[in-house]
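Heavy-atom basis, side chains included; hydrogens, waters and symmetry copies ignored. Chain naming here is simple, since letters A, B, ... match the order of the sequence lines and numbering starts at 1 in each.
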Number of protein chains: 2
Amino acid sequence: MTDRLPPLQTLRAFEATGRRSSMTLAAEELHVTHGAVSRQIKALEDHLGVRLFRRMTRRIEFTAEGAAFFAAVTRLLSELAREAESIRRRNETARLVVSSGVSFASKWLTPRLHRLMARYPDYDVHLEVTDVEIDFATSQADVAMRYGDGRYPHAESERIMNETVSPVCSPDYRERMGGLRTAGAIASARLIHENGMKADWTRWFGMMGMPAPAARGPGYSHGSMSIEAAIRGEGVALGRSVLVAEDMAAGRLVALFPEARLDVESGYDLVYPMGHRDHPKVRAVRDWIDDEVRQFKVVVEVGGVIGSSGII
Amino acid sequence: MTDRLPPLQTLRAFEATGRRSSMTLAAEELHVTHGAVSRQIKALEDHLGVRLFRRMTRRIEFTAEGAAFFAAVTRLLSELAREAESIRRRNETARLVVSSGVSFASKWLTPRLHRLMARYPDYDVHLEVTDVEIDFATSQADVAMRYGDGRYPHAESERIMNETVSPVCSPDYRERMGGLRTAGAIASARLIHENGMKADWTRWFGMMGMPAPAARGPGYSHGSMSIEAAIRGEGVALGRSVLVAEDMAAGRLVALFPEARLDVESGYDLVYPMGHRDHPKVRAVRDWIDDEVRQFKVVVEVGGVIGSSGII
DNA sequence: CTCACCTGTGCGGAATACTCACGCATCTTG
DNA sequence: CAAGATGCGTGAGTATTCCGCACAGGTGAG
C-alpha cells in the first residue's frame with residue numbers, strides 16, 4: 001500500500017496551489033520560493049503520471065484529474081488536521097458514525113435513529129448507508145449493523161436480531177387471488193424475488209412439502225424493494241420478518257402463512273473493530289439498540305407479525 | 001490549516017510501525033534503518049505533544065491516543081492511495097455519496113433510496129445522514145439534500161420541494177379530545193414542539209387570529225421525533241407536510257385543519273458544490289429526485305394530505 | 001512594443017534525514 | 001544463572017534531498 005502513496009509533502013504544495021490558483025501565492029503562504037512549489041507539483045505529477053494543472057501563460061488551471069484530486073486532497077488534509085487537533089487536545093472525537101445496509105436502514109434504523117441522537121446529545125451522530133461490505137480500515141464508521149452470518153473479516157460482531165421469512169402480499173392482492181390459502185395457490189401466484197435469495201423460496205416450498213415453481217415474476221436488488229413491490233400488489237414476496245414488521249402492523253401487508261416461518265441463518269449483527277467491544281461508542285450503540293429491540297419485540301408480538309419468536 | 005498538519009512523511013513510518021507493532025519491522029518494510037523510524041515517530045510525537053507508543057523493553061504498544069490516531073491515519077492513507085489510484089487510471093470514482101438530514105432521511109429519503117441504486121447500478125451509492133451543516137470541503141458527499149432557505153456557504157442549491165405546516169395528531173387523540181375542531185380547542189390541547197421551531201406555532205395561531213398559548217408540552221430535537229410523539233398520542237404536533245405525508249396516508253395521523261396551512265420559507269433543497277450543476281453525479285441525483293417528487297405529489301394529492309399545493 | 005507577471009530549470013548550498021555504532025534494558029535459552 | 005538475542009534510543013558524521021537564487025521563456029496588459 002505505502003508504495004502506491006504519492007510523496008506526502010507534495011500534497012501541501014498541491015493543496016495550497018490549487019486553493020490559490022497560483023504557485024507564487026502558494027509559495028508565499030508556505031514561506032518558500034515559487035521554484036520550490038513548482039518542483040513539488042512536478043514531483044507529484046510525475047508520480048501520478050498525470051498533469052494536474054494546465055500551464056497557461058501567467059496563470060494555471062486545473063485539469064479534470066487535478067480538480068478531482070484536489071477535492072480529495074483537500075478533504076483528507078482537513079480531516080487529518082481535525083484528527084491531529086483532537087489528539088492534541090486529548091478529547092475523544094465527538095463523532096459517532098454508524099454504518100448500515102440499505103434495507104435495514106430504510107425499514108428499521110432511520111425511524112429510530114433520532115432516539116440514538118437524543119440519548120447521546122454529546123455525540124455528533126452520523127449514519128453511513130451502503131451495501132458495501134464493512135471494512136473498518138477504510139470506512140470512518142465506529143460501528144456497523146449488517147445482515148449476515150456473523151462472520152466479518154477483521155471485526156467482531158454480536159447478533160442483534162434473528163430473522164425468519166414467510167410469504168407476504170398486500171391485502172388487495174390476496175383478495176384478488178382468492179385468499180391464497182394453500183402453498184399450491186401461492187406457487188401459482190406471481191412470486192417476487194430478492195436477487196441472490198431465490199434459494200429461500202425453494203427452501204420455503206420444500207418446507208411445505210412441494211417443489212418450488214420455476215422462477216418467474218420480478219426480481220429486486222434489495223429486500224426493501226421487494227417489500228415495496230408487494231405493497232404495490234405486484235405479487236407475493238418472501239418477507240423478512242424484521243423488514244416487514246412495520247408494514248404489517250400498518251396493514252399494508254398480510255402474512256399468508258403466519259405459522260410457516262422459514263428460519264434463515266443470517267440475521268442482524270452489530271459489528272465493530274477487533275477489540276472494541278467495550279469502546280464507549282460501541283457500548284453507547286449497543287445499549288441503545290438493546291432498548292430498541294426490546295420495544296420492537298413488543299410491537300411485533302402485539303401485531304402478531306410473522307417471525308416474532310425468531311427475534312432474540 | 002496547513003500549519004496544524006503534522007509532518008506528513010512521518011505518517012508513513014507511524015502507520016507501518018503501528019501495523020507491525022515494531023519499529024524494526026516497519027524499518028525493513030520502508031527500506032531504512034530502525035533508527036530512522038525511531039526519529040520519525042519521535043518527530044511526530046513532538047509535533048502532537050503526545051506520546052503515541054509506550055516503550056516497553058523489546059516491544060512497544062499504543063497509548064490510547066496512539067491507537068485513536070492510528071485508526072485515523074490508516075483510513076486516511078488508504079483513502080489517499082485509492083484516490084491516487086483512481087487518478088492514475090483516470091476512471092471517475094464510481095462512488096456517489098448523498099448527504100441528508102435526519103428527519104428527511106427517515107421520513108422520505110431512505111424508503112426511496114433503493115430506486116436510486118437500481119437506476120444507476122454502476123454507482124456505488126452511499127448515504128450520509130447527519131444534521132451537521134453541509135460543507136463539501138470536509139464531507140465526502142457529492143450532493144446533499146437539506147432543509148433550509150436555499151443559502152448554503154460555498155455551494156449552489158435548487159429547491160426540490162416547498163413545505164407547509166399544519167396541526168396533526170393521532171386519530172385516537174382527536175377522538176379523546178372531542179374532535180379538536182377549533183383553534184381554541186387546539187390551544188388547550190398538549191402542543192408538541194420541535195426545538196427551535198416554536199415560532200411556527202406562534203405564527204400558526206396568529207394566522208387563526210388568536211395568540212399562541214404559553215409553551216407547554218414536550219419538545220423534541222427533530223421533526224421526525226415530534227411526529228412519532230404525535231403518533232403515540234402525546235398531543236398535537238405542527239406537522240411538516242413532507243414528513244407527515246406517509247403517516248397520514250397510512251392513517252396514523254390526521255390533519256386537524258387541512259385548509260389552514262402555514263407556508264414556511266424553508267424547504268428541501270438539492271445542494272452541491274459551486275459549479276457542479278451539470279456534474280454527472282449531480283445530474284443523476286436530480287433526474288432521479290424529479291421523478292420521485294412527481295410520484296410523491298400524486299400520493300400526497302390522492303391522500304388529501306395537508307400542504308399538497310405547497311409542494312412544487 | 002515594452003513592461004509586468006508567472007512558471008520552468010540549472011546550479012550550488014543549506015537543511016533534512018539517514019546510517020552507523022553503541023548503550024541500555026529486558027527476555028530467552030541452555 | 002549467565003550469556004546471547006532482541007528491540008529501542010541517540011550522538012556523530014554523512015548522504016541526499018530540497019530549496020534559494022538567478023535567469024529564461026512566454027504572453028497578456030497598457
For T10(A), the option from E45(A), Q40(A), H47(A) that meets side chain to side chain contact (heavy atoms under 4.5 Å, CB included):
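Single side chain to side chain contact (heavy atoms under 4.5 Å, CB included) partner of T10(A) among E45(A), Q40(A), H47(A): Q40(A).
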Can you tell me if the side-chain N/O atoms of S38(A) get under 4.0 Å from OP1 or OP2 in dT7(C)?
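Result: no.
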Using 4.0 Å as the upper bound for N to carboxylate O, is an ion pair formed by [Y] and [X]?
X	Y	result
R82(B)	E85(B)	no
D46(A)	K42(A)	yes
R75(B)	E79(A)	yes

Name the stems that DNA chain C belongs to, where each is three or more consecutive Watson-Crick or G-U pairs with both distances under 3.5 Å?
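Paired runs of 3+ in DNA chain C: C:1-30 with D:1-30.
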With sequence neighbours left out, write down each residue that passes side chain to side chain donor-acceptor pair (under 3.5 Å) with W288(A), or none if nothing qualifies.
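Once residues adjacent in sequence are excluded, the partners of W288(A) under the side chain to side chain donor-acceptor pair (under 3.5 Å) criterion are E292(A).
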For atom [atom1] of [X] and atom [atom2] of [N], their distance in whole Å:
X	N	atom1	atom2	value
R54(A)	dG8(C)	CZ	P	14 Å
R12(B)	dA17(C)	CZ	C1'	14 Å
I41(A)	dT7(C)	CD1	C1'	11 Å
R55(A)	dG28(D)	CZ	P	17 Å
M56(B)	dA25(C)	CE	C1'	12 Å
E45(B)	dC8(D)	CD	P	13 Å
E28(B)	dT19(C)	CD	C1'	16 Å
R51(A)	dT7(C)	CZ	C1'	11 Å

Output one line per pair: protein atom, nucleotide atom from nucleotides 18-20 of chain D, and distance, for all N/O pairs under 3.5 Å.
residue	atom	partner	partner atom	Å
dC19(D)	OP1	Q40(A)	NE2	3.1
dC19(D)	OP2	Q40(A)	NE2	3.3
dG20(D)	OP2	T33(A)	N	2.7
dG20(D)	OP2	T33(A)	OG1	2.7
dG20(D)	O6	R39(A)	NH2	2.7

Detail all sub-3.5 Å separations between protein N/O atoms and N/O atoms belonging to nucleotides 4-6 of chain C.
residue	atom	partner	partner atom	Å
dC5(C)	O4'	R58(A)	NH2	3.4

Tell me whether the rings of Y268(A) and F104(A) are parallel (<30°), tilted (30 to 60°) or perpendicular (>60°).
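Ring orientation, 0 to 90° scale: parallel.
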Could you label the plane-to-plane angle of the F70(A) and F62(A) rings as parallel, tilted or perpendicular, counting under 30° as parallel and over 60° as perpendicular?
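Taking F62(A) first and then F70(A), their aromatic rings sit tilted (interplane angle of 30° to 60°).
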Does anything in residues 117-130 of chain B form a salt bridge (charged side-chain N to carboxylate O under 4.0 Å, His left out)? List the pairs, not counting sequence neighbours.
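Non-adjacent pairs meeting salt bridge (charged side-chain N to carboxylate O under 4.0 Å, His left out): R119(B)-D291(B).
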With side chains defined as the heavy atoms from C-beta onward, is the minimum distance between F136(B) and V271(B) less than 4.5 Å?
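Yes, their side chains come closer than 4.5 Å.
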Partner set under side-chain contact (heavy atoms from CB on, under 4.5 Å) for E156(A), not counting sequence neighbours:
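Listed in chain order: Y272(A), M274(A), R277(A).
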Check: F296(A) ring centre within less than 6.0 Å of W108(A) ring centre:
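Yes, the ring of F296(A) comes within the 6.0 Å limit of the ring of W108(A), centre to centre.
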